[in-house]
Visitor: 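The structure is given below, and queries will be raised subsequently.
In this chain, numbering begins with 1 at the start of the sequence shown.
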Amino acid sequence: MSLYRTEELGHPRSKDYRLFFKHVAGHYISPFHDIPLKADCEEASFNMVVEIPRWTNAKMEIATEEPLNPIKQDTKNGRLRYTPNIFPHKGYIWNYGALPQTWEDPHLKDKSTNCCGDNDPIDVCEIGSKVLSRGDVVHVKILGTLALIDQSETDWKIIAINVNDPEAEKFHDIDDVKKFKPGYLEATVNWFRLYKVPDGKPENKFAFNGEFKNKAFALEVINSAHEHWKEMVMKKCDKGAISPRVSKKGCLFGGFAEGWLSLTARNPTWFMSIKCSVSEIYWHFAKKKNSVP
């Protein structure tokens, strides 16, 4: 039985939508700070918080600057963000989420990329066969990593698979992805390279020329980010606007979610559902390099 529950407040496709997390015992928790990184004592699997189910477009993320760190939809210039469809893909091509209790320090240069972190938990691309749900906390097996350089910031993308996936036993390292899911890693690089192009931005860059690093390398990245998270919550480094850690029983901001629920009840018209965004159904076609004009 899962140790965690979610509570959805407001309507999806609205700026006021929030997905809060609760421990099975009933108290509110932070998915960023209160869910442990490791899923077992043998350290063979890690917890992943699912933010964006595969094939969906809404850019959902853990709200690191808000109390209790609920999942919300990101905004830009006052508008909700949707990731564009770039042929032949629809939305995100994996279940996308984050590793709790990790933090990419924006004030510290990564020794591998020579770029500072992006001030967020480490991202995870889960490649299993099941489409997961927003707010799921799943145990994943780490397979490798890709180093995206986004606006001169290091943005690690961990490749992992749900340990309960029917094919999980076949996957142990990044080469197994190449063997059993041919083309998936190449599609992943192209997806991250191009997903901002429809917004008028240049193609993204990668460290290591877009080469995927293996499981051992990925584990070092994760452990380093976990140490940075520890330093951040212990106030040994500048955390900026990130919301502080919630206490064991969630009492630091225990009334925050209840207050949000009360607000939605008093102002129901604020949370009216919005129709499907054009971004979710429109297909963009990116011209391949060295293609015939």
Side-chain angles (χ1 to χ4, degrees), residues 2-37 46-54 56-76 78-83 91-92 95-104 118-124 126 132-138 225 229 232-233 239-274 277:
S2 174
L3 292 175
Y4 310 105
R5 302 284 186 269
T6 55
E7 185 170 323
E8 201 170 36
L9 305 182
H11 286 286
R13 306 178 192 279
S14 77
K15 296 178 185 178
D16 301 295
Y17 171 84
R18 297 294 185 276
L19 185 69
F20 287 93
F21 286 73
K22 280 185 171 182
H23 190 273
V24 69
H27 54 271
Y28 288 98
I29 62 169
S30 160
F32 184 12
H33 301 304
D34 295 323
I35 296 174
L37 171 62
F46 293 75
N47 282 313
M48 170 191 176
V49 178
V50 178
E51 298 166 310
I52 307 171
R54 187 166 64 234
T56 63
N57 301 74
K59 180 68 172 70
M60 311 301 293
E61 62 182 14
I62 292 172
T64 59
E65 298 181 5
E66 292 185 7
L68 290 172
N69 311 120
I71 290 178
K72 69 172 185 177
Q73 187 166 355
D74 191 22
T75 60
K76 184 177 181 181
R79 303 181 65 180
L80 295 170
R81 284 188 65 188
Y82 294 90
T83 297
Y92 284 72
N95 295 298
Y96 194 73
L99 293 179
Q101 296 189 347
T102 62
W103 183 54
E104 298 192 63
D118 69 348
N119 200 32
D120 282 322
I122 285 189
D123 298 320
V124 187
E126 193 280 322
L132 301 174
S133 298
R134 183 184 308 139
D136 281 352
V137 179
V138 296
W229 171 82
M232 183 259 290
V233 296
K239 65 183 179 183
I242 286 180
S243 181
R245 187 179 185 184
V246 178
S247 65
K248 187 175 181 181
K249 293 297 182 182
C251 59
L252 182 58
F253 297 109
F256 182 79
E258 289 91 339
W260 200 274
L261 181 59
S262 174
L263 180 64
T264 62
R266 291 198 308 269
N267 302 279
T269 56
W270 289 12
F271 301 91
M272 291 177 63
S273 183
I274 302 172
S277 167

Visitor: In Å, rounded to the nearest 0.5 Å, how long is the span from OH of Tyr17 to CG of Leu9?
Guide: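 Answer for the OH-CG pair, Tyr17 versus Leu9, is 9.0 Å.
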Visitor: Among His23, Glu7, Arg5, find the one that has a side chain to side chain donor-acceptor pair (under 3.5 Å) with Tyr28.
Guide: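 Testing Tyr28 for a side chain to side chain donor-acceptor pair (under 3.5 Å) against His23, Glu7, Arg5 leaves exactly one candidate, Glu7.
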Visitor: Run through Val50, Ile71, Asp74 and flag the one making a side chain to side chain contact (heavy atoms under 4.5 Å, CB included) with Met60.
Guide: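 Among Val50, Ile71, Asp74, the one meeting side chain to side chain contact (heavy atoms under 4.5 Å, CB included) with Met60 is Ile71.
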Visitor: Please report the interatomic distance CD(Glu51) to CG(Asp136), rounded to the nearest 0.5 Å.
Guide: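 If we round to the nearest 0.5 Å, Glu51:CD and Asp136:CG are 12.0 Å apart.
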Visitor: Between Gly135 and Leu19, what is the shortest heavy-atom contact and its length?
Guide: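 Shortest heavy-atom contact: CA-CD2, 3.7 Å.
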Visitor: Which atoms form the tightest heavy-atom contact between Phe32 and Met232, and what is the distance?
Guide: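 Closest heavy-atom pair between Phe32 and Met232: CZ-CE, 3.8 Å.
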Visitor: As an exercise, state the distance from CG of Leu3 to CD1 of Ile35, rounded to the nearest 0.5 Å.
Guide: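 Output value for this atom pair is 9.5 Å.
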Visitor: For Pro100 versus Pro36, what's the shortest heavy-atom pair and its separation?
Guide: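 Here Pro100 and Pro36 meet closest at CG-O, 3.6 Å.
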Visitor: Are Val49 and Phe21 close enough, and set up right, to give a side chain to side chain contact (heavy atoms under 4.5 Å, CB included), and what steps lead you there?
Guide: CA-CA 10 Å; Val49 178; Phe21 286 73; 3.7 Å; yes
Visitor: Hey, mind stepping through Leu132 and Arg54 against side chain to side chain contact (heavy atoms under 4.5 Å, CB included) and telling me if it holds?
Guide: CA-CA 7 Å; Leu132 301 174; Arg54 187 166 64 234; over 6 Å; no
Visitor: Output the distance between atom OH (Tyr82) and atom NZ (Lys76), rounded to the nearest 0.5 Å.
Guide: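 If we round to the nearest 0.5 Å, Tyr82:OH and Lys76:NZ are 15.5 Å apart.
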Visitor: Using every non-hydrogen atom in the two residues, find where Asn47 and Val137 come nearest and quote the distance to one decimal.
Guide: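 The answer is OD1-CG1, 3.9 Å.
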Visitor: Taking all non-hydrogen atoms of both residues into account, name the closest pair between Leu99 and Pro121 and its distance.
Guide: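 Heavy-atom minimum between the residues: O-CB, 3.7 Å.
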Visitor: Is the backbone of Thr83 close enough, under 3.5 Å, to the side chain of Asn57 for a donor and an acceptor to pair up by distance?
Guide: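 Confirmed, Asn57 side chain pairs with Thr83 backbone.
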Visitor: Could you go through the side chain to side chain contact (heavy atoms under 4.5 Å, CB included) check for Tyr92 and Lys59 one step at a time?
Guide: CA-CA 9 Å; Tyr92 284 72; Lys59 180 68 172 70; 2.9 Å; yes
Visitor: Quick check for you: to the nearest 0.5 Å, what is the distance between Gln101 atom CD and Leu37 atom CG?
Guide: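 Taking CD in Gln101 and CG in Leu37, the distance rounds to 6.5 Å.
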Visitor: Where do His33 and Val233 come nearest, in terms of heavy atoms and distance?
Guide: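 Smallest heavy-atom distance, with atoms named: ND1-CG1, 3.8 Å.
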Visitor: Would you find a donor on one side and an acceptor on the other, under 3.5 Å apart, between the side chain of Thr102 and the backbone of Ile122?
Guide: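 Yes; judged by distance alone, with no hydrogens or angles, the pair exists.
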Visitor: If you measure from CZ on Arg18 to CD on Gln73, what distance do you get to the nearest 0.5 Å?
Guide: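 Arg18 atom CZ to Gln73 atom CD measures 10.5 Å (nearest 0.5 Å).
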